[in-house]
S.K.: 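Let me begin by handing over the structure; questions about it come next.
None of the values given here were measured: they were computed from a predicted structure.
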Amino acid sequence: MIERPYKGDRNSTENKLYEEFDKRINDFVKSYLNKYSPCSYDETKVIHDPVWGTCLFYQWELEILDSPLLQRLRNISQLGLTMLTYPTAHHSRFEHTLGVMSVVTKMVNHINQKLSNTVISTEDFYTLRLAALLHDIGHCFCSHLSESIYGRQNVFVELKKSFEIFSTAKEHEIFAYIIINTQEFRDFIKTKVHLWDTKIDVEQILNDIGYMIVGANLPARECKDGTYEKKYYLTQMINGQYDADKLDYLRRDSYTAGLALTYDIDRFLYKIRIKSRDEKDGGKTVKGKHLVIPISGVSAVEEMAFSQLMLASYIYQHQKVLATDALMNDVVEGLVNNGKLQHPCDFLYYCDTDILGIASGNPDSDFKMKISEENFDASTNKKVSDIVRRLNHRDLPKRAFVVNCSTVINSPDQKQYPVSDIADRLKGIAELRNEIYDVSIKISNALPKEKGGKKHIDLYDIYISIPKTSIAKDLSNALVLKNNGEFVDLSEIVRLSDWADAFAWHKWNAYVFSQADILPIVSIAAKIVFERHNIHFDEETVFSGIRDSNKIEGLVKWLKDNGKYPK
């Protein structure tokens, strides 16, 4: 693993792989910026936000914000297709970007107001704001939904494994890093954007911003007095455990969804500060400057953690949101199968409106016509446009089977919170969808027509959703400042990870969804398949909460009584 792209041998396997992404993304950036000339702003501008109020923007920020590369974020939903479940949760990555800039500004102002001397310099302040402006520039359509798909493609997995600075980064953050480091983007900043000082080192600032976005700490740098300092706080404020990104989405996502979740932002901003400690780095002593919170402010962090857990349960892992995601996952699979999204970088060219417009049949668009009329694959007659049309009409699949701590029978040696074990076992079933499909066909053929049998069942009538069990960003390593000036991890003060485990134990669910007319058949098939893989269920609760549960239980009895229950 190499520390960062293009370090060392440019002909190494890692750097050659990065170069492929670099060239593709450079073409993408060029397609958006080659005809753009910024308007000339003579003064600052204010933008009003319903979450954070009025925020001032500088001329150079407006020149970047007006670019097509940033404006495309208006057409990428912050929460994917969550608006099909929460109709007002319609905010975009663009709005979120403005919000993160507002929050990072508040963070800097509060930190600098605490002391008579300026802790964060003007140049660092402007750099932080630019990082906030650019932190989501790598998002593709439907935000995290699309990155969960291209992030699994082999070439992207290899890219992430190749460089240390990408080791903890999300997929869209890696794309943002590459975009900012392309020659086209750097030329744009140098030649068309009027930054605050003509003498600043643009290359260095963009390098730093790339590090900050992927959550990598900036290297130590020599000060004028010959000492060395390492500004951890720059990364921590953009992609850390108390970062501006989290502070915005916790507020914005709950606000737009209409949920009464909140945390004491004023108390948090009042408490945070930057503190230094001597550290060893590369054989020399450096002054490490960290974003910390004193023990007296830990309650504000607890509120943030609780809000994360609530949002995950109420929004991100709501069963209808997961059902919607399952449909969109099939759309993307259809596009991949038909050669439209052959490489992860291809995802960058499309926004939500492009994908949801596939079914419109616009004769002027090659994308909408040719792809929409292609079948998913040779096994089905369903077309990509069929699924997109269902999304546009909110024709969502129904819950056919649920796997959680209430339905699964635990073995005596299982640990206290076995949800992650259950998820791992489900994900270990390589052909889960195909197995449920095959058993569903057998059940349908075995049942007489009057009992709902003899149905035509398609593979793409069945959907699987196995969400993550870590439903909130781990805050256990966040730094707390003790009264004696010592730094400790938050986990030494409060066991937030135990909260998260306990919460997941009660709230986490994996689902099998299906079309309503075949739901009883798929319910039974799902149970049979899981039991084949040694996941066993409480017979009294296994179908509880599922539509037509009494009918399902009656069909199970009929199949067993007539010797037709698949083994």
Side-chain angles (χ1 to χ4, degrees), residues 1-2 4-36 64 67-73 75-76 93 134-163 165-167 169-190 203 206-207 209-211 213-214 216 331-355 365-367 370-371:
M1 182 182 286
I2 297 176
R4 57 180 171 79
Y6 291 153
K7 184 172 183 179
D9 182 7
R10 284 290 293 260
N11 291 316
S12 67
T13 301
E14 296 88 347
N15 280 327
K16 283 294 185 184
L17 176 60
Y18 181 85
E19 185 177 27
E20 177 190 353
F21 276 81
D22 189 12
K23 287 179 178 178
R24 288 175 179 270
I25 293 179
N26 192 67
D27 290 341
F28 162 74
V29 174
K30 184 177 181 180
S31 71
Y32 274 85
L33 294 181
N34 65 345
K35 294 182 180 179
Y36 170 65
I64 298 172
S67 71
L69 198 58
L70 267 293
Q71 291 295 312
R72 64 186 277 277
L73 297 180
N75 295 317
I76 298 176
R93 285 284 156 186
L134 299 170
H135 85 285
D136 268 355
I137 201 171
H139 263 298
C140 309
F141 61 87
C142 295
S143 293
H144 295 297
L145 191 151
S146 61
E147 75 177 344
S148 70
I149 299 169
Y150 70 74
R152 296 196 302 267
Q153 293 183 336
N154 291 337
V155 67
F156 199 98
V157 172
E158 287 302 314
L159 176 72
K160 185 171 183 177
K161 286 165 50 179
S162 296
F163 303 100
I165 64 168
F166 294 162
S167 59
K170 294 185 177 72
E171 290 78 6
H172 74 275
E173 293 166 353
I174 296 173
F175 269 160
Y177 176 95
I178 302 174
I179 288 171
I180 290 166
N181 283 282
T182 59
Q183 192 61 50
E184 283 290 332
F185 187 82
R186 294 194 169 217
D187 288 346
F188 162 67
I189 297 295
K190 290 177 183 177
E203 293 284 343
L206 292 178
N207 284 342
I209 289 174
Y211 270 70
I213 289 174
V214 295
V331 172
V332 178
E333 181 182 338
L335 296 174
V336 171
N337 290 344
N338 287 289
K340 198 64 182 179
L341 299 172
Q342 295 182 338
H343 190 276
C345 295
D346 296 340
F347 284 69
L348 285 165
Y349 287 89
Y350 302 109
C351 298
D352 297 11
T353 48
D354 298 309
I355 304 301
S365 173
D366 176 77
F367 179 80
K370 290 187 178 178
I371 293 298

S.K.: Can a cation-pi geometry be assigned to Arg4 and Tyr6, taking NZ or CZ under 6.0 Å from the six-membered ring centre and within 45° of the ring axis?
M.R.: no

S.K.: Could you tell me whether the side chain of Ile189 reaches within less than 4.5 Å of the side chain of Ile64, counting heavy atoms only?
M.R.: yes

S.K.: Applying side-chain contact (heavy atoms from CB on, under 4.5 Å), run through Cys351 and Asp354 and close with a yes or a no.
M.R.: CA-CA 5 Å; Cys351 298; Asp354 298 309; 3.9 Å; yes

S.K.: Relative to the ring of Phe175, is the ring of Phe21 parallel (under 30°), tilted (30 to 60°) or perpendicular (over 60°)?
M.R.: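 Phe21 vs Phe175 ring planes: tilted.
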
S.K.: Tell me the closest heavy-atom pair linking Ile179 and Ile137, and the distance in Å.
M.R.: CD1-O, 3.6 Å

S.K.: Give the minimum heavy-atom separation between His135 and Ala176, together with the two atoms involved.
M.R.: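 Heavy atoms of His135 and Ala176 come nearest at O-CB, 4.1 Å.
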
S.K.: Taking all atoms of both residues into account, what is the closest heavy-atom pair of His139 and Arg72, and its distance?
M.R.: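 The pair with the smallest heavy-atom distance is O-NH2, 2.8 Å.
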
S.K.: Residues two or more places apart in sequence or in another chain: which of them pass side-chain contact (heavy atoms from CB on, under 4.5 Å) with Asp9?
M.R.: Asn11, Ser12

S.K.: Verify the ring-centre separation between Tyr350 and Phe141: is it less than 6.0 angstrom?
M.R.: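 Judged by ring-centre distance (under 6.0 Å), Phe141 and Tyr350 do not meet the cut-off.
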
S.K.: Return the minimal non-hydrogen interatomic distance between Cys142 and Asp352, and the atom names on each side.
M.R.: N-OD1, 2.6 Å

S.K.: Does the plane of the ring in Tyr349 sit parallel, tilted or perpendicular to the ring in Phe28? Use 30° and 60° as the thresholds.
M.R.: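 Tyr349 vs Phe28 ring planes: perpendicular.
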
S.K.: Could you tell me which residues satisfy side-chain contact (heavy atoms from CB on, under 4.5 Å) with Asn207, sequence neighbours excluded, listed by chain and number?
M.R.: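 Scan of Asn207 (side-chain contact (heavy atoms from CB on, under 4.5 Å), adjacent residues dropped) gives Asn181, Arg186, Gln204.
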
S.K.: Could you go through Gln153 and His343, starting from their C-alpha distance and side-chain angles, then the distance that decides it, and tell me whether this counts as side-chain contact (heavy atoms from CB on, under 4.5 Å)?
M.R.: CA-CA 8 Å; Gln153 293 183 336; His343 190 276; 5.7 Å; no

S.K.: Is any side-chain heavy atom of His172 less than 4.5 Å from a side-chain heavy atom of Asp136?
M.R.: yes

S.K.: When you compare the side chain of Asn337 with that of Glu333, does any pair of heavy atoms fall below 4.5 Å?
M.R.: yes

S.K.: Under 4.0 Å between a Lys/Arg side-chain N and an Asp/Glu carboxylate O for Glu20 and Arg24?
M.R.: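 Between Arg24 and Glu20 there is a salt bridge, with a charged N closer than 4.0 Å to a carboxylate O.
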
S.K.: For residues Leu341 and Phe347, determine if any side-chain heavy atom of one lies less than 4.5 Å from a side-chain heavy atom of the other.
M.R.: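 Yes, at least one pair of side-chain atoms sits under 4.5 Å.
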
S.K.: Would you say Ile178 and Leu159 make side-chain contact, with heavy atoms under 4.5 Å?
M.R.: yes

S.K.: Can you establish whether the number of heavy atoms outside Lys23 located under 6.0 Å from its atom NZ is more than 12?
M.R.: no

S.K.: Would you say Asn26's side chain and Glu184's backbone share a donor-acceptor pair under 3.5 angstrom?
M.R.: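 Here the side-chain-to-backbone pair exists.
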
S.K.: Lys30: which residues meet the side chain to side chain donor-acceptor pair (under 3.5 Å) condition with it, sequence neighbours left out?
M.R.: none

S.K.: Is the CG atom of Asn34 crowded by more than 12 outside heavy atoms at less than 6.0 Å?
M.R.: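 Yes, the 6.0 Å shell around CG holds more than 12 heavy atoms from other groups.
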
S.K.: Before giving the answer on side-chain contact (heavy atoms from CB on, under 4.5 Å), spell out for Phe185 and Leu134 the whole-Å C-alpha distance, their side-chain angles and the decisive distance to 0.1 Å.
M.R.: CA-CA 11 Å; Phe185 187 82; Leu134 299 170; 3.9 Å; yes

S.K.: Compare every heavy atom of Ile174 with every heavy atom of Lys160, then report the nearest pair and how far apart it is.
M.R.: CG-CD1, 4.0 Å

S.K.: Assess whether side-chain contact (heavy atoms from CB on, under 4.5 Å) is satisfied between Tyr18 and Ser162, documenting all intermediate values.
M.R.: CA-CA 9 Å; Tyr18 181 85; Ser162 296; over 6 Å; no

S.K.: Might you point out which heavy atoms bring Ile165 and Pro5 nearest each other, and give the distance in Å?
M.R.: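 Shortest heavy-atom contact: CD1-CD, 3.9 Å.
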
